[in-house]
Amino acid sequence: LKEFIKFKNTSNPRIKFGFLSQKDAGEKNPLDFYSLFVEINPTKLLQKVIIGDYSVQWGQGLLQTGGFNLGKNYESIKSTQKFHIGGLPYSSSAEYSFNRGIYIHKILSKGINWQSFISNKYLDGKIYETPNQRGFRTIDSDGYHRNSSEIANQKTIHEFKWGNSIEILLSNEHRLQLNSIHTAYQLPKIPSGIDYKNNEWTGSKYTLWSISHTGNFHNLRMNNEYALINLNSYALIHGAAFSFSKKQDVSYLIRYYKSGFYNPDGKAFGENTKNENEFGLFLGHQFQFSKRKKVSSYLDLFYFPEIKYQVSSPNTFGWEILTRYQMERKNAFKFFFQTKWISKQEDYIIGKNEKKIQRIHDFQESLDFTTITKNSFQAHSRLMLHALQKNKNFYLGFMLLQDIDLNGRKISFNGRFSYFKTPNYDTRLYAFEPGLPFSFNLIAYSGEAIRLASTLEITVNKYVRISTKIGRTFYFDRNEIGSGTDMIQSNHKTDFSLQFMYKNL
């Protein structure tokens, strides 16, 4: 059983507050995770104060990143740019990517803004002890506390950090930010003993500095950030987006993240999970044939100077190409066709303790059509293919899905049928699945199965809304689902969700 409770009050424009609590399936404590905030927006002394939990977005994400980020996608103009928006109240159920303490924003003068924060919280991680050292190697971010080992790793790492940002308005079109974050752990981060992490930062204290800039030159918008950790390793981003005409937009982004750069709270644009050991060039393009027809595409080239996860040789490279054509007719239909090609290098085990670098090619195709016959009815169909060339073998997976939406004044219904078949997990397919309001479901489909899901939303009155969802997956290629604490001794799995919402505005 998973439980989630959320409350938010915005009736007073100057004082907003909220809290949430969550218990994941398998956890015993009903308040295993809780979060609260108070946001104060005065008018004279300070422009914004947040007490409790909050996220911070500074620069292009090399120091701090707040909010949800999908990374590379067909909206190439938007995906390559972040904005220096400062602090936001934290209201997500993710148990890792936030600060806990106080955030302040003050306008010092007409052209200077100052932001500062202090955060004090505990993180999860396994503590290792040897005759010479005691500390942690990694920070757990999944938030699960279900069994004895997960509970033993709960709140074992004390983190204290503070940061400052000075924003200078050079003109109406240009802004410059000077950012710094200082972090101290009670126990040190010790070497992991893994080859590809030999250059990773270790110790109990580190400081991140960055200088970031955004500016407009007529029809061109530029964004830059240069960051340092302990005056040792560095990272930089330079990008721009501009319009050739009313129909044509172009963007590019150059990034270089040196091996050893460490920013656990940052998430800048890149190919790797972490912003390190990477040099890349991203080129995006969008052409608008008409108001309702356009082609979006990008090319991303990436190079890794050092060894990395599943790649035991330095100086490897790859590319990713995407093209998407979409069109629509108002109150009639929506359509898109998308193709993506990813090529990269990784290890291939050819014998005991013997590896060879191979190149893999990953092709993904999507054909999507939505019919709108009336304002209250929609039918959505999609075909997805995932082809993979690896180890001199060729694998092909596919998925068919069909959605039906019915929207009435008091009742809304969504039903989904999907059939998928993939030869392995490497050819898995991702598709958004409709869920309860304010929830996000991006499911990885793998194996051979039929998935049925339906959601029902009932508006009782202008204050109360009740929503429910039930989903069931029937597998044809297995008699066990999941692993570890999630294992089910069956070939089918059912999930049921119920949501009660009271809204008074």
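Predicted, not measured: the structure shown is a model, and the values here were computed from it. Computation of the quantities below employed the complete heavy-atom set of this structure, encompassing side-chain atoms and omitting hydrogens, waters and symmetry-equivalent molecules.
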I want to check something: taking the side chain as every heavy atom from C-beta on, are [X] and [Y] in contact at a cut-off of under 4.5 Å?
{"X": "F377", "Y": "I404", "result": "yes"}
{"X": "L322", "Y": "Q338", "result": "yes"}
{"X": "N263", "Y": "L208", "result": "yes"}
{"X": "R137", "Y": "K126", "result": "no"}
{"X": "E278", "Y": "R255", "result": "yes"}
{"X": "I157", "Y": "I139", "result": "yes"}
{"X": "T468", "Y": "I470", "result": "no"}
{"X": "W201", "Y": "N199", "result": "no"}

Where does the angle between the aromatic ring planes of [X] and [Y] fall among parallel (under 30°), tilted (30 to 60°) and perpendicular (over 60°)?
{"X": "Y122", "Y": "H158", "value": "tilted"}
{"X": "Y256", "Y": "Y234", "value": "tilted"}
{"X": "F476", "Y": "Y419", "value": "tilted"}

So, [X] side chain and [Y] main chain: donor-acceptor pair closer than 3.5 Å or not?
{"X": "S233", "Y": "F261", "value": "yes"}
{"X": "E150", "Y": "R146", "value": "yes"}
{"X": "N272", "Y": "E276", "value": "yes"}
{"X": "H145", "Y": "I151", "value": "no"}
{"X": "N424", "Y": "T427", "value": "yes"}
{"X": "D140", "Y": "D142", "value": "no"}
{"X": "D53", "Y": "R100", "value": "no"}

Got a sec: does the [atom1] of [X] have more than 12 other heavy atoms crowding it under 6.0 Å?
{"X": "F438", "atom1": "CZ", "result": "no"}
{"X": "Y34", "atom1": "OH", "result": "no"}
{"X": "R329", "atom1": "CZ", "result": "no"}
{"X": "L400", "atom1": "CG", "result": "yes"}
{"X": "L498", "atom1": "CG", "result": "yes"}

Quick one: is the NZ or CZ of K308 closer than 6.0 Å to the six-membered ring centre of F304, and within 45° of its axis?
->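 That pair qualifies as a cation-pi contact.
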Geometric cation-pi criterion, K274 with Y309: 6.0 Å, 45° | no
Centroid-to-centroid, [X] to [Y], below 6.0 Å?
{"X": "F136", "Y": "Y185", "answer": "yes"}
{"X": "Y262", "Y": "Y206", "answer": "yes"}
{"X": "F369", "Y": "F333", "answer": "yes"}
{"X": "F19", "Y": "F7", "answer": "yes"}

Is [X] salt-bridged to [Y], going by a charged N under 4.0 Å from an acidic O?
{"X": "K294", "Y": "D249", "answer": "no"}
{"X": "R472", "Y": "D495", "answer": "no"}
{"X": "K23", "Y": "E27", "answer": "no"}
{"X": "E200", "Y": "K189", "answer": "yes"}
{"X": "D426", "Y": "K390", "answer": "yes"}

Specify the closest pair of heavy atoms between [X] and [Y], including all atoms of both residues, with the distance to one decimal.
{"X": "W58", "Y": "G163", "result": "CH2-C, 3.8 Å"}
{"X": "N223", "Y": "A240", "result": "OD1-N, 4.0 Å"}
{"X": "P191", "Y": "T202", "result": "N-CG2, 3.7 Å"}
{"X": "N277", "Y": "P305", "result": "OD1-CD, 3.1 Å"}
{"X": "F83", "Y": "Q57", "result": "O-CG, 2.9 Å"}
{"X": "T473", "Y": "A449", "result": "CG2-CB, 3.9 Å"}

Nearest 0.5 angstrom please: [X] [atom1] to [Y] [atom2], how far?
{"X": "F282", "Y": "L301", "atom1": "CZ", "atom2": "CG", "answer": "10.5 Å"}
{"X": "L253", "Y": "F269", "atom1": "CG", "atom2": "CZ", "answer": "6.0 Å"}
{"X": "I127", "Y": "I190", "atom1": "CD1", "atom2": "CD1", "answer": "8.5 Å"}
{"X": "E75", "Y": "Q286", "atom1": "CD", "atom2": "CD", "answer": "6.0 Å"}
{"X": "T339", "Y": "L367", "atom1": "OG1", "atom2": "CG", "answer": "11.5 Å"}
{"X": "L62", "Y": "S212", "atom1": "CG", "atom2": "OG", "answer": "9.0 Å"}

Salt bridge (charged side-chain N to carboxylate O under 4.0 Å, His left out) assessment of R416 paired with D405 = CA-CA 9 Å; R416 165 168 291 188; D405 290 288; over 6 Å; no
Side chain to side chain contact (heavy atoms under 4.5 Å, CB included) against D368, all qualifying residues, sequence neighbours excluded =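 Per chain and number, D368 pairs via side chain to side chain contact (heavy atoms under 4.5 Å, CB included) with F336, T370, H380, R382.
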Does the pair H238 and Y252 meet the rule for a side chain to side chain donor-acceptor pair (under 3.5 Å), with working shown?
-> CA-CA 8 Å; H238 164 69; Y252 71 87; 2.8 Å; yes
Before giving the answer on side chain to side chain contact (heavy atoms under 4.5 Å, CB included), spell out for Y96 and L123 the whole-Å C-alpha distance, their side-chain angles and the decisive distance to 0.1 Å.
-> CA-CA 8 Å; Y96 171 67; L123 306 172; 4.3 Å; yes
Go through the steps to decide whether K72 and D300 satisfy the test salt bridge (charged side-chain N to carboxylate O under 4.0 Å, His left out), and finish with yes or no.
-> CA-CA 9 Å; K72 286 182 280 189; D300 189 36; 2.8 Å; yes
Reference residue K82; test side-chain contact (heavy atoms from CB on, under 4.5 Å); the match among K267, E225, Q60 = Q60
Between Y298 and the options R324, K340, E320, H285, the side chain to side chain donor-acceptor pair (under 3.5 Å) test singles out E320
Result block: side-chain N/O donor-acceptor pairs under 3.5 angstrom for residues 428-437, not counting sequence neighbours:
residue	atom	partner	partner atom	Å
R428	NE	Y430	OH	2.8
R428	NH1	Y425	O	2.9
E433	OE1	Y445	OH	3.4
E433	OE1	R451	NE	3.1
E433	OE2	R451	NH2	2.9
E433	OE2	K469	NZ	2.6

